[in-house]
*Asks:* 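Have a look at this one before I ask anything.
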Amino acid sequence: MTLLPPRKTVLFGACSVAACLSFAFIAQVHRDGYKDTPTLPGQKWHVHDSDRPYPHEVTPGAWAGAPPSDAIVLFNGKDLSQWVQTDNRRNDGNPVPPKWKLIDGCVEVVGGTGGLYTKDKFGDCQLHIEWQEDKGITGSGQGRGNSGVFLMSRYEVQVLDSYRAPTYADGQAGALYGQWPPLVNPMRRPGEWQTYDIVFTAPKFDGDKLVENAHMTVLFNGVLVHNHQKLNGPTEHRAVIPESPIGSEERLYLQDHGPGHPLRFRNIWIRKLKDYDQPE
């Protein structure tokens with residue numbers, strides 16, 4: 001058995017153990033990078049700047065389509081506590097508790113009762129939403145399970161059965177309604193679940209002056225159908241409406257197109273998007 005010498009303070013040159021431990025701690029928090037590199041155009045940061053804030057950590061969802069750790073879950077299959085409804089019969093604009101039906105972890109549109117609005121408001125965001133048309137759907141054109149996902153309650157991504165069911169191009173599923181058709185039609189058969197993943201940039205105003213239009217990127221069943229596409233203004237049926245001032249955040253809206261349009265939604269979550277270089 002080898003005996004160890006008694007413990008004592010060891011000096012490294014003129015450095016005591018305590019001082020060296022302090023140095024080691026400083027070394028652990030040392031940030032990799034440079035301060036003698038060029039400044040990036042339009043930014044205050046150097047290339048590989050050691051002072052640039054680290055991005056916040058986010059835990060991805062446990063499976064494809066599951067919400068990440070910083071998402072706000074708007075519908076988890078259990079309740080509609082994040083939503084209110086407009087009452088089409090009262091027509092006074094006042095919110096009422098939602099009348100859409102909860103069925104098997106989904107929410108089903110009850111036609112004629114009014115659309116759903118989120119209680120919270122959102123601007124720049126990432127939205128995930130899944131929807132399903134009835135397997136035995138009938139009708140033609142815009143009469144096949146019509147609904148819509150409205151960002152800020154004014155910019156619609158069309159919801160419709162467009163599986164081998166023609167209608168006008170800028171009104172089919174995945175269209176930015178009345179403005180841009182989807183680049184392609186990746187619609188699954190009625191009765192199968194469809195998915196939208198939407199990245200939305202809200203319009204920017206300086207007082208009443210429009211500085212930047214709203215833009216949308218949309219993946220439909222994992223297929224890109226809009227790539228940072230500019231919106232002219234609010235989407236509307238048979239009309240062109242110029243952009244007008246709006247708050248930086250407004251409610252998300254799911255449309256009730258009236259009786260005869262049965263469809264369901266599930267797994268709805270949203271992330272508020274912030275700019276680069278947020279404080280740590």
Side-chain angles (χ1 to χ4, degrees), residues 25-61 64-65 67-72 120-129 149-157 170 174-177 179-184 186 195-220 222-235 240-250 252 269-280:
F25 175 76
I26 293 172
Q28 287 176 2
V29 297
H30 170 73
R31 299 173 68 100
D32 197 15
Y34 305 89
K35 299 298 291 185
D36 59 351
T37 50
T39 300
L40 290 160
Q43 301 187 38
K44 67 178 183 179
W45 307 106
H46 295 274
V47 176
H48 314 311
D49 199 318
S50 57
D51 291 335
R52 195 162 195 173
Y54 292 138
H56 294 192
E57 290 187 3
V58 172
T59 304
S69 60
D70 65 342
I72 300 168
D120 292 335
K121 297 181 178 181
F122 305 96
D124 296 354
C125 65
Q126 174 189 349
L127 173 68
H128 177 92
I129 186 167
V149 178
F150 286 72
L151 283 300
M152 300 186 83
S153 300
R154 74 190 311 184
Y155 309 104
E156 180 184 8
V157 182
D170 60 10
L176 305 182
Y177 187 76
Q179 296 188 23
W180 295 100
L183 291 169
V184 294
T195 299
Y196 286 160
D197 288 289
I198 301 169
V199 179
F200 174 74
T201 305
K204 305 297 187 292
F205 292 88
D206 182 3
D208 290 339
K209 181 181 178 182
L210 177 65
V211 176
E212 183 180 0
N213 288 74
H215 289 75
M216 252 197 260
T217 296
V218 180
L219 285 92
F220 182 0
V223 178
L224 183 70
V225 295
H226 298 288
N227 186 13
H228 195 61
Q229 182 57 58
K230 183 176 80 172
L231 288 146
N232 305 322
T235 56
V240 173
I241 301 179
E243 193 59 273
S244 59
I246 190 174
S248 59
E249 295 184 327
E250 296 293 341
L252 177 71
W269 53 263
I270 196 167
R271 297 177 62 237
K272 290 190 174 186
L273 299 182
K274 300 179 180 178
D275 207 349
Y276 290 97
D277 306 310
Q278 293 296 306
E280 296 175 19

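Residue indices begin at 1 and follow the sequence shown. The figures here come from the full heavy-atom set of this structure, side chains too, leaving out hydrogens, waters and symmetry mates.
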*Asks:* To the nearest 0.5 Å, what is the distance between OG1 on Thr217 and CG on Leu224?
*Replies:* 7.0 Å
*Asks:* Just jot down the ring pair (Phe, Tyr, Trp, His ring centres under 6.0 Å) partners of His46, sequence neighbours excluded, or say none.
*Replies:* none
*Asks:* More than 12 heavy atoms of other residues, nucleotides or ligands under 6.0 Å from OH of Tyr276: yes or no?
*Replies:* no
*Asks:* Sequence neighbours left out, what passes side chain to side chain contact (heavy atoms under 4.5 Å, CB included) with Glu57? Give chain and number order.
*Replies:* none
*Asks:* Could you list the residues that satisfy side chain to side chain donor-acceptor pair (under 3.5 Å) with Asp277, not counting sequence neighbours?
*Replies:* Trp45, Arg52
*Asks:* Please name all residues satisfying ring pair (Phe, Tyr, Trp, His ring centres under 6.0 Å) with Trp269, sequence neighbours left out, ordered by chain then number.
*Replies:* His128
*Asks:* Going by the rule ring pair (Phe, Tyr, Trp, His ring centres under 6.0 Å), which residues pair with Phe150 if we only count those two or more places apart in sequence or in a different chain?
*Replies:* Tyr253
*Asks:* Check for a donor-acceptor pair, side chain of Tyr196 on one end and backbone N or O of Gly174 on the other, with a separation under 3.5 Å.
*Replies:* yes
*Asks:* Quick one, Val157 and Leu176 - any side-chain contact, counting heavy atoms below 4.5 Å?
*Replies:* yes
*Asks:* Is there a donor-acceptor pair closer than 3.5 Å between any side-chain N or O of Glu243 and the backbone N or O of Asn213?
*Replies:* no
*Asks:* Considering all heavy atoms of both residues, which atom of Ala175 and which atom of Pro181 are nearest to each other, and what is their separation?
*Replies:* CB-CA, 4.2 Å
*Asks:* Does Ser69 offer a backbone N or O that forms a donor-acceptor pair with the side chain of Thr59 under 3.5 Å?
*Replies:* no
*Asks:* Distance-only check: which donor-acceptor pairs under 3.5 Å involve side-chain atoms of residues 200-207, not counting sequence neighbours?
*Replies:*
| unit_1 | atom_1 | unit_2 | atom_2 | d |
| --- | --- | --- | --- | --- |
| Lys204 | NZ | Asp124 | OD1 | 3.4 |
| Lys204 | NZ | Ala202 | O | 2.8 |

*Asks:* Rounded to the nearest 0.5 Å, what separation is found between the CG atom of Asp120 and the CG atom of Leu252?
*Replies:* 11.0 Å
*Asks:* Is it true that, when you exclude Asp208 itself, more than 12 heavy atoms of the residues, nucleotides or ligands shown sit nearer than 6.0 Å to its CG?
*Replies:* no
*Asks:* Where do Pro68 and Arg271 come nearest, in terms of heavy atoms and distance?
*Replies:* CG-CD, 3.6 Å
*Asks:* Would you give the length of the straight line joining atom CE of Met216 to atom OG1 of Thr235, rounded to the nearest 0.5 angstrom?
*Replies:* 7.0 Å
*Asks:* Please name all residues satisfying side chain to side chain donor-acceptor pair (under 3.5 Å) with Ser248, sequence neighbours left out, ordered by chain then number.
*Replies:* none
*Asks:* Has Lys274 got more than 12 heavy atoms of other residues, nucleotides or ligands less than 6.0 Å from its NZ?
*Replies:* no
*Asks:* Glu280: which residues meet the side chain to side chain donor-acceptor pair (under 3.5 Å) condition with it, sequence neighbours left out?
*Replies:* Arg31
*Asks:* Heavy-atom distance under 4.5 Å between the side chains of Gln179 and Gln229, does that happen here?
*Replies:* no
*Asks:* If every non-hydrogen atom of Glu249 is compared with every non-hydrogen atom of Gly123, which pair is closest and at what distance?
*Replies:* CG-N, 3.5 Å
*Asks:* Among all residues two or more places apart in sequence or in another chain, which pass the side chain to side chain contact (heavy atoms under 4.5 Å, CB included) test with Pro186?
*Replies:* Val184, Phe220, Val223, Val225
*Asks:* Can you list the residues that meet the side chain to side chain donor-acceptor pair (under 3.5 Å) rule with Lys230, with sequence neighbours excluded?
*Replies:* none
*Asks:* Under the rule for ring pair (Phe, Tyr, Trp, His ring centres under 6.0 Å), what residues qualify as partners of Tyr177, not counting sequence neighbours?
*Replies:* none
*Asks:* To the nearest 0.5 Å, what is the distance between CG (Asp49) and OG1 (Thr37)?
*Replies:* 6.5 Å
*Asks:* Verify, without hydrogens or angle tests, whether Gln278 (side chain) and Pro53 (backbone) share a donor-acceptor contact under 3.5 angstrom.
*Replies:* no
*Asks:* Please identify each residue that fulfils side chain to side chain contact (heavy atoms under 4.5 Å, CB included) with Asp36, with sequence neighbours left out.
*Replies:* Tyr34
*Asks:* So, His215 side chain and Asn227 main chain: donor-acceptor pair closer than 3.5 Å or not?
*Replies:* no
*Asks:* Between CG of Asn232 and CD1 of Ile241, what distance do you get to the nearest 0.5 Å?
*Replies:* 11.0 Å
*Asks:* Let's go through Phe122 and Ile72 carefully: what are the C-alpha distance in whole Å and the side-chain angles of both, what is the deciding distance for side chain to side chain contact (heavy atoms under 4.5 Å, CB included) to 0.1 Å, and is it a yes or a no?
*Replies:* CA-CA 11 Å; Phe122 305 96; Ile72 300 168; 3.8 Å; yes
